[in-house]
Q: 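Quick one: the structure is below, and I'll ask about it shortly.
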Amino acid sequence: MQKEAITALIDAKAVSSGAIDEASLKSRFNHKSLLVNLFEECDPETQKAVTETLAAFYKIPLLNLEKIVPSPALVKMCKPEQARQWHFLPIVESGSEVVVGMIDPTDLNNVDMLRHIFRKPVKPVFIYAHDFERGLYRFFRKGAAKPVENSDLLDTTRMQQVVGGLAAEPTDQQSHAAIAGKFVRHIISRALAYGASDLLIEPMQHESLISLRIEGGTYRLFRIAASHHESVVSEFRKLAKLDDVSTGSSQRGGTSLRFNDRAFRLMMHFQPSPTGERVSIRIIDPRLSALTLEQLELPDGMETAIRTALSGPGLILVAGASGTGKSTTIGAFLRLLGTSGRRVVSLEDLVVDRIPGIKQAQFPATGMAKSAALASVLKYSPDVIAIDEVADAETIAMAVEAAAGNCLVILGIQADGISEMIARLLRMGIDRAQLAESLRFAYTQLVIRKVCPDCKSTTLIHPKTLQQLHIPSGFTFYSGKGCPSCKETGYRGTATIGELLLVTPEMSEKLASGAAGTEFYTDGRYAGMLTMFESGLNKAIDGTTSLEEVLGTLPSPQAFDFRAQLQYGLIGHLRKPSAPEAGESASLFEK
């Protein structure tokens, strides 16, 4: 590090001269850069101040890893051990060079080493040191069962070979339709074999992208030439019991099928676009769509709180991106309400499963707006109304007004978190007073992979991870070694990770008087709400998932002190670990 840079750090009061001298002395013996040694002794706030000061001094970009999507091609070119040793993460390939995030991009020895790894010139940029540890787990996430894109399907001959072994080009429309039909059945089989929740066909200008959504992540499956798009979509329309040719408007349909002796339901949505018809197919596993509240495996205390809130009138908000189980959760709420004797109406985009005791109605793909449908239902004064997906301000305003009266209203909203969901409603102009008066709880969730029970074993966590999170000794963590049951990934099945914000009278008053979504969320934290990350850590502690999966997939605070969270009771109730019996691990929780 240049003397001028050290002077800039001291002048900015980012760090003391004594800390610089101590880090410099350590560098002479362990051959790490001065900056890396300095960060090992600094708290996260100091690390942040030093990084931002140096980025400004050297005029080197500073990247936030939370916004970076790892490049699979670049990640395959290096190993996590190398990334940890030289403190780097591959970002993106830009032209003839590779952009690499580094804790210390001024370390020219490490930069030179990276040129050999990527076999290209390297452009180093700054990343925050406190982001690096979690970034490692996210970039080098283990066991993700990602379907490999098959680029051979870009031409008709290869497509024939994959779907039916046909060797000749189609000579008439009938044979072409037969090829497309086999191709569609092949795509569906692949989706079911990988346990996908959604199958997506997105037409582009020169090709169509076929993707799967698996355990909350979206993976590219195939690409086909744009000339094949119409015939493939036509086969899907036949399966959905619709006309072969698009009507130019949004349409829905579905079909049932069996795969590996199990029944599945495909709910298809066809939407026109400038480049062709877009197809979204939700794959319904009846075993999962019919889960009850007890079967959701919610954290301790959360189920009881939800039952209490559902027993009276008010507003329930459920947030989550597509594929996170939001509809399954609302369905579990409705199954409970269906036995309550109240008049319950559910307005759904797709009626996936019939629920006893519930009057279910499906929105038409065209025609009546959701607001008009809700207004029609409200005329009959139901006790409970549920809408599984709503985004327009008019419908939400009507729902909030009904909830402020004597009705229980459950709304599903696409949002990344509770604070974003509340902020979105306020930006829509929803009446603050009515929202504050009616809101009972807000819930958001993600799905996380569960460790495979057939190859589950204890695992050692890297000392750097333990140090950064301040994880004390006495905790046992688990991972899957990989076996045929889990397709060698180490994971099988998913669990729900959720945040439940229960609204107190004090929080309602603050919301009514002008509090923002972030303030509302902070008040929930003070009231004892577990964050998604804390819920995930509880799942890792009890052996449901691995710590690597939690660190690689869940959003966490910039700085996280495990020991402090234990002290405040945010990570379960710890009792003193006892010696485990042979072949077993000690339980860390009081039941």
Side-chain angles (χ1 to χ4, degrees), residues 1-71 74 78 82-118 120-136 138-139 464-465 467-469 556-561:
M1 188 187 298
Q2 297 176 3
K3 290 183 178 179
E4 293 83 356
I6 294 175
T7 302
L9 286 175
I10 296 173
D11 290 345
K13 297 182 180 180
V15 70
S16 67
S17 58
I20 295 269
D21 292 340
E22 185 177 343
S24 179
L25 182 62
K26 287 179 65 176
S27 296
R28 298 178 188 177
F29 296 98
N30 63 15
H31 305 294
K32 296 179 183 178
S33 76
L34 186 154
L35 187 56
V36 170
N37 278 312
L38 179 66
F39 282 160
E40 288 183 352
E41 303 299 328
C42 291
D43 60 71
E45 286 302 316
T46 301
Q47 293 175 3
K48 183 174 183 290
V50 169
T51 300
E52 291 174 353
T53 301
L54 290 178
F57 176 83
Y58 285 108
K59 294 181 173 58
I60 295 176
L62 170 60
L63 298 184
N64 184 348
L65 286 179
E66 291 290 341
K67 302 183 183 299
I68 302 298
V69 178
S71 165
L74 290 179
C78 52
Q82 294 172 321
R84 189 183 289 281
Q85 180 180 354
W86 295 311
H87 304 95
F88 77 89
L89 291 171
I91 304 299
V92 68
E93 190 169 359
S94 178
S96 61
E97 62 184 5
V98 175
V99 178
V100 178
M102 301 181 69
I103 289 178
D104 185 5
T106 68
D107 188 338
L108 299 182
N109 290 329
N110 283 357
V111 172
D112 189 55
M113 194 70 68
L114 298 183
R115 292 194 188 102
H116 293 288
I117 291 176
F118 297 108
K120 277 189 174 185
V122 168
K123 179 181 179 181
V125 297
F126 273 106
I127 57 176
Y128 288 110
H130 59 253
D131 283 348
F132 176 72
E133 194 67 27
R134 280 197 63 244
L136 265 175
R138 188 162 67 88
F139 277 57
K464 287 288 185 184
T465 304
Q467 178 185 357
Q468 188 175 86
L469 294 180
S556 71
Q558 291 185 344
F560 187 88
D561 190 327

Q: Kindly state each residue pair satisfying salt bridge (Lys or Arg N to Asp or Glu O under 4.0 Å) with at least one member in residues 97-110, sequence neighbours excluded.
A: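 Matches after skipping sequence neighbours: none remain.
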Q: Output all residues satisfying salt bridge (Lys or Arg N to Asp or Glu O under 4.0 Å) with D43, sequence neighbours left out; order by chain, then residue number.
A: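 For D43 there are no salt bridge (Lys or Arg N to Asp or Glu O under 4.0 Å) partners, ignoring immediate neighbours.
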Q: Could you measure the distance from the NZ atom of K123 to the CD1 atom of I91? Nearest 0.5 Å is fine.
A: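 So the NZ of K123 and the CD1 of I91 are separated by 12.0 Å.
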Q: Check A129 against Q47 and note the closest heavy-atom contact, atom names and distance.
A: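 Here A129 and Q47 meet closest at CB-OE1, 3.5 Å.
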Q: Check whether any side-chain heavy atom of W86 lies under 4.5 Å from a side-chain heavy atom of N109, and answer yes or no.
A: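 The answer is no, as the side chains (C-beta and beyond) never meet within the 4.5 Å cut-off.
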Q: Only counting residues at least two apart or in another chain, list the ones meeting side-chain hydrogen bond (donor to acceptor under 3.5 Å, both in side chains) with E40.
A: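 For E40 the side-chain hydrogen bond (donor to acceptor under 3.5 Å, both in side chains) partners, ignoring immediate neighbours, are K32, K464.
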Q: Are any of the side-chain heavy atoms of Y128 and L63 separated by less than 4.5 Å?
A: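 Side chain of Y128 against side chain of L63, heavy atoms only: no contact under 4.5 Å found.
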Q: Would you check if L114 and M102 make a side-chain contact, meaning some heavy-atom pair closer than 4.5 Å?
A: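 They are in contact (side-chain heavy atoms under 4.5 Å apart), so the answer is yes.
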Q: Applying side-chain contact (heavy atoms from CB on, under 4.5 Å), name anything that partners A5, two or more places apart in sequence or on another chain.
A: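 For A5, the residues satisfying side-chain contact (heavy atoms from CB on, under 4.5 Å) (neighbours in sequence not counted) are M1, Q2, L54, F57, Y58.
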Q: Rounded at 0.5 Å granularity, tell me how far CD1 in I127 sits from NE2 in H87.
A: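 Between atom CD1 of I127 and atom NE2 of H87 there are 10.0 Å.
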Q: Starting at CG of L89, measure out to CZ of F139 and round the result to the nearest 0.5 Å.
A: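 Taking CG in L89 and CZ in F139, the distance rounds to 5.0 Å.
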Q: Is K26 paired with E22 through a side-chain N to carboxylate O contact shorter than 4.0 Å?
A: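 No.
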Q: State, with a plain yes or no, whether a side-chain heavy atom of N37 is found less than 4.5 Å away from one of N30.
A: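 Yes. Closest side-chain heavy atoms under 4.5 Å.
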Q: Using side-chain heavy atoms (C-beta onward) and a distance below 4.5 Å, is H116 in contact with D112?
A: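 Answer yes - side chains close enough.
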Q: Considering all heavy atoms of both residues, which atom of V111 and which atom of P105 are nearest to each other, and what is their separation?
A: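 The answer is CG2-O, 3.8 Å.
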Q: Hey, could you give me the CD1/CG distance between I6 and L38, rounded to the nearest 0.5 Å?
A: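 Between atom CD1 of I6 and atom CG of L38 there are 9.5 Å.
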Q: Excluding sequence neighbours, so at least two apart, what forms side-chain contact (heavy atoms from CB on, under 4.5 Å) with V92?
A: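 With neighbours one apart ignored, the set is V99.
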Q: Return the set of residues passing side-chain contact (heavy atoms from CB on, under 4.5 Å) with C78 (not counting sequence neighbours), or none when no residue passes.
A: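 C78: side-chain contact (heavy atoms from CB on, under 4.5 Å) contacts with Q82, F88, P90, I117, F118, F140.
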